[in-house]
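All figures in this text were calculated on a predicted structure; none of them were measured in a lab. Counting convention: from 1, in listed order, for ligands and their atoms alike. Hydrogens, waters and symmetry mates are skipped; everything else that's a heavy atom, side chains included, is used. Start at 1 with the first residue, then count along the sequence.
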Amino acid sequence: MRLRAHVAIVGAGPAGLILAALLHRTGIESVVLEDRSREYVEARIRAGVLEQGTVDLLERAGVTERLHREAIVHGGIHLQFDGERHHVPMDELTGGRSIVIYGQTEVVKDLIAVRLEEDLPLLFDVDEVSVHGFDGDEPYVRFEHDGEEHRLDCDVIAGCDGFHGICRPAIQTVLHTFARDYPYGWLGILADVAPSSEELVYAHHQRGFALLSLRSPTRSRLYIQCAPDEDIAKWPDERIWEELQARTALDGWTLDEGPVLEKGVTGMRSFVAEPMQHGRLFLTGDAAHIVPPTGAKGLNLAAHDVRVLADALIEWYAHGDRTALDAYSTECLRRVWRAEHFSWWMTSMLHNAPGADEFDRKLQLSQLRYVTTSTAAATSLAENYVGLERV
Ligand code: APR
Ligand code: PHB
């Protein structure tokens, strides 16, 4: 079948779904193509920290009804090292700005629900997606759905298909890529137990990094540093709790344990592809860049990309002016590189790299002491963490 839309969106992660919602609000119609099932996409557990700018964008996209009911606002985080826990009051340091705890999975569920309620095109389980014609003025996407072949003609293709998608490889000959792999990963669990700390705890420990986060007043999300290719089968729940207890132990405080609902290992990588556009193909979110999760920036960066792309497309359709579209990559990459640096810096400061020596550890501890004693250093962390207004 031959279909037509203004914008073809490849990928129904947060980037693709937010873009589709923003465009629809201004009468620009899109078709979203996702190669996984709805169940899979809605079950995938990802990060859970939203910057205020991301919440504002979701508001504009019209999907914050449940978020306003369920999200939890945090004004600070804790940094733990050397057996001490230090509070970083991000709200005080940034003139009242804070972060919002609401799972990316929930954001995705809300976006899918609104899209389908409004009867707008969002196809799951598509196969053999390929992108064509973006060098000229008549781009199109080929794909299979329900055993039938389709061609989707469009004005622009948005590559929102994540790190393993097909859009970035389609333009790889024009791209420069920059990457760093880290010699560790995170083993994460979702546990049916109330969080033991009201705000997030990032713990540096000689046994390795640990992070205490949450999803709701009754659900904890916890991570420990592990090998990048760690075999999860070697980690029965008791061993995970034991390690979490050891790495976050503090006099006068206890970490409550509960049933583990989900567990998994994620590798850590920094990656940027430049430029984020070629002809009429635009890359957004994880398709163009990856950050290690320590700075909680992945989803927020994706949200920023789609805001810039949506505004540029609105300008183009309303006034025929391509200036903002042409500047898309340049505009996004400034924030991307700021987040790359911040995420790399947080990661390097908090983890125990295999092969690190006493000198490395002394530097890490000195840096941690500096950000927890100097207002200037703490402000730098805080303004990056809550999301810089200007970069
Ligand atoms: N065709 C269609 N869809 C595809 C294809 C393809 N060939 N390849 C991948 N996809 C889909 C994936 O199944 C996924 O649902 O594209 C989507 C990409 O979504 P994400 O990986 O979530 O990436 P993005 O939307 O950029 O979200 C930003 O922030 O917290 C971080 O990494 C985390 O996913 C998060 C990201
Ligand atoms: C999470 O809650 O999943 C989370 C929080 C903070 C991070 C990374 C992940 O830096």
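Under 4.0 angstrom from ligand 2, there are no non-hydrogen atoms of Ile101. The part of Val129 lying near ligand 1 is the side chain, judged by heavy-atom distances below 4.0 Å. Counting heavy atoms closer than 4.0 Å to ligand 1, residue Ile290 contributes nothing at all. The backbone of Cys160, and not its side chain, has at least one atom closer than 4.0 Å to an atom of ligand 1 (non-hydrogen atoms only; backbone = N, CA, C, O). For Pro14, heavy-atom contacts with ligand 1 shorter than 4.0 Å involve the backbone as well as the side chain.
Close contacts between ligand 2 and Trp186 involve ligand atoms 8 (C) [criterion: under 4.0 Å to a heavy atom]. Residue Ala302 has at least one heavy-atom neighbour below 4.0 Å for each of these atoms of ligand 1: 28 (C). Short contacts between ligand 2 and Arg221, defined as distances under 4.0 Å to a heavy atom of the residue, involve ligand atoms 3 (O). Within ligand 2, counting atoms from 1 as listed, the ones closer than 4.0 Å to a heavy atom of Pro293 are 7 (C), 8 (C), 10 (O). Those atoms of ligand 2 with a heavy atom of Arg215 less than 4.0 angstrom away are 1 (C), 2 (O), 3 (O). Set against the non-hydrogen atoms of Leu33, the atoms of ligand 1 under 4.0 Å away are 2 (C), 3 (N). The Leu200 neighbourhood of ligand 2 comprises atoms 5 (C), 6 (C), with distances under 4.0 Å to a heavy atom of that residue. Atoms of ligand 1 lying under 4.0 Å from any heavy atom of Val10, numbered from 1 in the order shown and given with element: 1 (N), 2 (C). Short contacts between ligand 2 and Tyr202, defined as distances under 4.0 Å to a heavy atom of the residue, involve ligand atoms 6 (C), 7 (C), 10 (O). Near Gly162, with a cut-off below 4.0 Å to any heavy atom, the atoms of ligand 1 are 18 (C), 21 (O), 23 (O). When each atom of ligand 2 is checked for a heavy atom of Val49 under 4.0 Å away, the hits are 5 (C), 6 (C).
In this structure, a donor-acceptor pair under 3.5 Å is present between the side chains of Arg338 and Asn384. A side-chain donor from one of Tyr223 and Arg221 sits under 3.5 Å from a side-chain acceptor of the other. No hydrogens or angles considered: nothing links the side chains of Ser348 and Tyr182 as a donor-acceptor pair under 3.5 Å. Residues Thr94 and Glu383 have side chains that never bring a donor and an acceptor to within less than 3.5 angstrom of each other.
With contacts defined as side-chain heavy-atom distances shorter than 4.5 Å, the pair Trp235/Val265 does not qualify. In this structure the side chain of Leu57 reaches within 4.5 angstrom of the side chain of Val306, judged on heavy atoms. Residues Leu301 and Arg335 form a side-chain contact, since some pair of their non-hydrogen atoms from C-beta on lies under 4.5 Å apart.
With Arg46, Arg36, Arg44, His289 as candidates, the residue nearest to atom 14 (C) of ligand 1 on a non-hydrogen basis is Arg44. Nearest residue to atom 2 (O) of ligand 2 from Ser213, Ala47, Ala296, Gly295 is Ser213 (criterion: closest heavy atom). Between atom 8 (N) of ligand 1 and the options Gly165, Ala12, Gly159, the minimum heavy-atom separation is to Gly165.
Here the protein heavy atom with the shortest distance to atom 25 (O) of ligand 1 is Ala15 N, 2.9 Å. Among protein heavy atoms, atom 7 (N) of ligand 1 sits closest to Ile166 CG1, 3.6 Å. Closest protein heavy atom to atom 9 (C) of ligand 1: Asp161 O, 3.1 Å. Nearest protein heavy-atom neighbour of atom 3 (O) of ligand 2: Tyr223 OH, 2.6 Å. Annotation: atom 26 (O) of ligand 1 to nearest protein heavy atom, Asp286 N, 2.9 Å. Of the protein's heavy atoms, Glu34 OE2, 2.6 Å lies nearest to atom 13 (O) of ligand 1. Nearest protein heavy-atom contact of atom 19 (O) of ligand 1 is Gly13 CA, 3.3 Å. Scanning all protein heavy atoms for the shortest distance to atom 6 (C) of ligand 1 gives Asp35 OD2, 3.6 Å. In terms of protein heavy atoms, atom 30 (O) of ligand 1 is closest to Gln104 OE1, 2.7 Å.
The distance criterion of under 3.5 Å between nitrogen or oxygen atoms is not met by Leu211 with respect to ligand 2. Between Gly285 and ligand 1, not a single N/O pair is under 3.5 Å apart.
Linking ILVMFWY residues whenever their side-chain heavy atoms come closer than 4.5 Å, directly or via other members, leaves Leu255 and Leu200 in distinct clusters.
More than 12 heavy-atom neighbours from other residues, nucleotides or ligands sit within 6.0 angstrom of CG on Asp231. Residue Glu42 qualifies as enclosed at atom CD: its count of foreign heavy atoms under 6.0 Å is above 12.
Under a 3.5 Å cut-off, the side chain of Arg36 and the backbone N or O of Ala12 do not form any donor-acceptor pair. In terms of modelled atom types and a separation under 3.5 Å, the side chain of Asp286 and the main chain of Gly298 share no donor-acceptor contact.
Relative orientation of the His278 and Phe134 rings is perpendicular, given thresholds of 30° and 60° on the angle between their planes. Using a 30° and 60° split on the angle between ring planes, His132 and Tyr140 fall in the parallel class, below 30°.
Each of Leu368, Thr294, Leu365 was compared with Met349 under the side-chain contact (heavy atoms from CB on, under 4.5 Å) criterion, and only Leu368 meets it. With Val141 as the fixed residue, the side-chain contact (heavy atoms from CB on, under 4.5 Å) test singles out one of Ile166, Asp153, Val131, Ile9: Val131.
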Report task. Show the numbers, then the answer: is there a salt bridge (charged side-chain N to carboxylate O under 4.0 Å, His left out) between Glu118 and Arg25? Result -> CA-CA 11 Å; Glu118 295 183 347; Arg25 301 282 162 261; 3.6 Å; yes
